[in-house]
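Hydrogens, waters and symmetry mates play no part in the numbers below; they use all other heavy atoms, side chains included. Model, not experiment: these values are computed from the prediction.
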Amino acid sequence: MSIYVKISHVIFPCIGSGLHNMDPGNETGISEFLLMGFSEEPELQTLIFGFFLSMYLITVFGNLLIILAISSDSHLHTPMYFFLANLSFVDICFTSTTIPKMLWNIQTQSKVITYAGCITQMFFFLFFAGLEIFLLTVMAYDRFVAICHPLHYMVIMNPRLCGLLVLVSWVLSALNSLLQSLMVLPLSFCTEVEIPHFFCELNQIIQLACSDTFLNNMVEYFVATLLAGGPFIGILYSYSKIVSSICGISSAQGKYKAFSTCVSHLSVVSLFYCTVLGVYLSSAATQISHSSAVASVMYTVVTPMLNPFIYSLRNKDIKRALTRLPEMAPTKRPMVLG
């Protein structure tokens, strides 16, 4: 194991012991981790590389098309599509925090990620995951106002409020990821630096630490309950009001039209939350790390890849904007809500 750990200098002292009391055989400052990925079989590496490269390219180009279609079509300069454009941008960034590094490691036949790189990857992963949750919540509120208060929709969802909601989402996500990442820095690590995952996931890093991680675990559970459970309750409340309002509509055509505006968002929310809950509940029950890594692909790669298809296949406005995109590209105007 010593070939994986550079012990020429100590980056962070062990908690509860000084530099002179540190046992170099058990605890040491480290400069790199090993991302073990999905399989160590050489014959599977090419297949895994091609599979994830294809999904990554589809994710990037699919979400870029959504952003370009919304920004180039003046009919889509509304709050709903403003939030959708932000969600597509976050999906690109969310996937880009993990997949490129994994592809690079496969291509170079290396599993190494530096300590600084691991902390940085963990920060941005937490940041964009939190931002995804907040934006889905904001979009649920947008649908709530549109269906339950249609006459006051443009007054309530004015450009200032839309910008403020997105700004608050960015700030809260940044504060969360900064807090969790800073709390990892004082931890000391043993010579066991193998991460049974394809990216630096917070829970996996904490499990590798040799020092006391009680505070880290408590903060992680508290933040997960507050920043994931809170928005989820908000989404459920919004849709309970939406369902109640739709049931009050007399005509079947009116009910269908109102519900159709929520189908895409509801599908994305269900896919994201179900996969996240499935991953963390199964990993907590079984503690099988490689199974957790495979399951994590659902919400880190598959969900961002499917979002453009979900929003475009059932949305006539997006379809029209995509078909007109080549002719509208030269005269693209800046996006203005309203």
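Looking only at distances, no side-chain donor or acceptor of Glu194 sits under 3.5 Å from a matching main-chain atom of Leu34. Counting only distance, with no hydrogens or angles, the side chain of Asn217 and the backbone of Thr213 share a donor-acceptor pair below 3.5 Å. Side-chain atoms of Thr323 come within 3.5 Å of backbone atoms of Arg320 as a donor-acceptor pair (strictly under, hydrogens ignored). Between the side chain of Asn158 and the main chain of Met154, no donor-acceptor pair closer than 3.5 Å is present. Remark: side-chain polar atoms of Ser211 are not paired, donor with acceptor, to backbone N or O of Leu187 under 3.5 angstrom. Side chain of Asn216 to main chain of Ile206: no donor-acceptor pair is present (N/O by atom type, distance under 3.5 Å, no hydrogens or angles). The backbone N or O of Ile133 lies less than 3.5 Å from a partner atom in the side chain of Thr137, making a donor-acceptor pair. Remark: side-chain polar atoms of Ser173 are paired, donor with acceptor, to backbone N or O of Ser169 under 3.5 angstrom. Between the side chain of Asn63 and the backbone N or O of Thr59 there is at least one donor-acceptor pair closer than 3.5 Å. Put simply, the side chain of His77 gets close to the backbone of Ser71: a donor and an acceptor are under 3.5 Å apart.
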*Show your working on side chain to side chain contact (heavy atoms under 4.5 Å, CB included) between Cys200 and Ile195 and close with a plain yes or no.*
CA-CA 7 Å; Cys200 291; Ile195 302 175; 4.0 Å; yes
*side chain to side chain donor-acceptor pair (under 3.5 Å) between Asp317 and Tyr81, worked out*: CA-CA 10 Å; Asp317 294 331; Tyr81 294 111; 3.3 Å; yes
*asked:* Quick one, Asp142 with Leu165, criterion side chain to side chain contact (heavy atoms under 4.5 Å, CB included). Give me CA distance, side-chain angles, the key distance, then yes/no.
replied: CA-CA 10 Å; Asp142 172 73; Leu165 289 173; over 6 Å; no
*Test side chain to side chain contact (heavy atoms under 4.5 Å, CB included) on Lys111 and Met36 and set out the steps.*
CA-CA 6 Å; Lys111 299 180 182 295; Met36 303 310 294; 4.0 Å; yes
*With side chain to side chain contact (heavy atoms under 4.5 Å, CB included) as the test, would you mind laying out the steps for Lys257 and Ile249 before giving the verdict?*
CA-CA 10 Å; Lys257 184 177 179 180; Ile249 299 176; over 6 Å; no
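Within 6.0 Å of the NZ atom in Lys241, the count of heavy atoms belonging to other residues, nucleotides or ligands does not exceed 12. Other residues, nucleotides and ligands contribute over 12 non-hydrogen atoms within 6.0 Å of the NZ atom of Lys319. For Phe259, the CZ atom sits in a loose shell: 12 or fewer heavy atoms of surrounding residues, nucleotides or ligands are nearer than 6.0 Å. The number of heavy-atom neighbours closer than 6.0 Å to CZ of Phe89, taken from other residues, nucleotides and ligands shown, is 12 or below.
In terms of hydrophobic clustering, with Ile, Leu, Val, Met, Phe, Trp and Tyr side chains grouped at heavy-atom distances under 4.5 Å, Leu182 and Leu215 are assigned to different clusters. No single ILVMFWY cluster, assembled from side-chain heavy atoms under 4.5 Å apart, contains both Leu161 and Val168. Hydrophobic cluster membership is shared by Ile106 and Leu53, with clusters built from Ile, Leu, Val, Met, Phe, Trp and Tyr side chains linked at under 4.5 angstrom. Hydrophobic cluster membership differs between Leu227 and Leu175, with clusters built from Ile, Leu, Val, Met, Phe, Trp and Tyr side chains linked at under 4.5 angstrom.
Using modelled atom types and a 3.5 Å distance limit, the side chains of Ser96 and Tyr56 yield a donor-acceptor pair.
Summarising the geometry of Leu35 relative to Phe198, their closest heavy-atom pair is CD1-O, 3.9 Å, with the distance given to 0.1 Å. Taking each heavy atom of Met139 and Phe83 in turn, the nearest pair found is CG-CB, 3.6 Å. Closest of all the heavy-atom pairs between Asp91 and Glu132 is OD1-OE1, 2.6 Å. Here the closest non-hydrogen pair linking Leu126 and Gln180 is CD1-CB, 3.7 Å. In this structure, Phe272 and Ala129 approach most closely via the heavy-atom pair CZ-O, 4.4 Å. The two residues Ile92 and Val60 have their closest heavy-atom pair at CD1-O, 3.8 Å.
Under the 4.5 Å side-chain criterion, counting only non-hydrogen atoms from C-beta, Leu84 is in contact with Ile318. Within the 4.5 Å cutoff, side-chain heavy atoms of Met157 are placed close to those of Cys162. At least one side-chain heavy atom of Tyr115 sits less than 4.5 Å from a side-chain heavy atom of Leu185. Side-chain contact check for Tyr299 versus Tyr273: every heavy-atom pair is 4.5 Å or farther apart. For the pair Pro196 and Gln204, the minimum side-chain heavy-atom distance is below 4.5 Å. At least one side-chain heavy atom of Val219 sits under 4.5 Å from a side-chain heavy atom of Met183. Inter-residue side-chain proximity for Phe232 and Leu136 is flagged as unmet; no heavy-atom pair is nearer than 4.5 Å. Side-chain contact between Val301 and Ile99 is present, with heavy atoms from C-beta onward closer than 4.5 Å.
In this structure, the ring of His149 has its center less than 6.0 angstrom from the ring center of Phe144. For Phe199 and Phe124, the ring centers sit 6.0 Å or farther from each other. Residues Tyr239 and His265 bring their aromatic ring centres within 6.0 Å. Aromatic ring centres of Trp170 and Phe127: separated by under 6.0 Å.
Separation of atoms CD1 (Ile205) and CD1 (Ile119) is listed at 6.5 Å; rounding is to 0.5 Å. With rounding to the nearest 0.5 angstrom, the CD atom of Gln121 is 6.5 Å from the OG1 atom of Thr98. Atom OG1 of Thr95 is separated from atom CE of Met305 by 9.5 Å, given to the nearest 0.5 angstrom. Here the CZ-CG distance, from Phe134 to Asn176, works out to 7.0 Å after rounding to the nearest 0.5 Å. Of the inter-residue distances, the one linking Ile246 atom CD1 with Cys262 atom SG reads 5.5 Å to the nearest 0.5 angstrom. Interatomic distance, Cys118 SG to Lys101 NZ, rounded to the nearest 0.5 Å: 10.0 Å.
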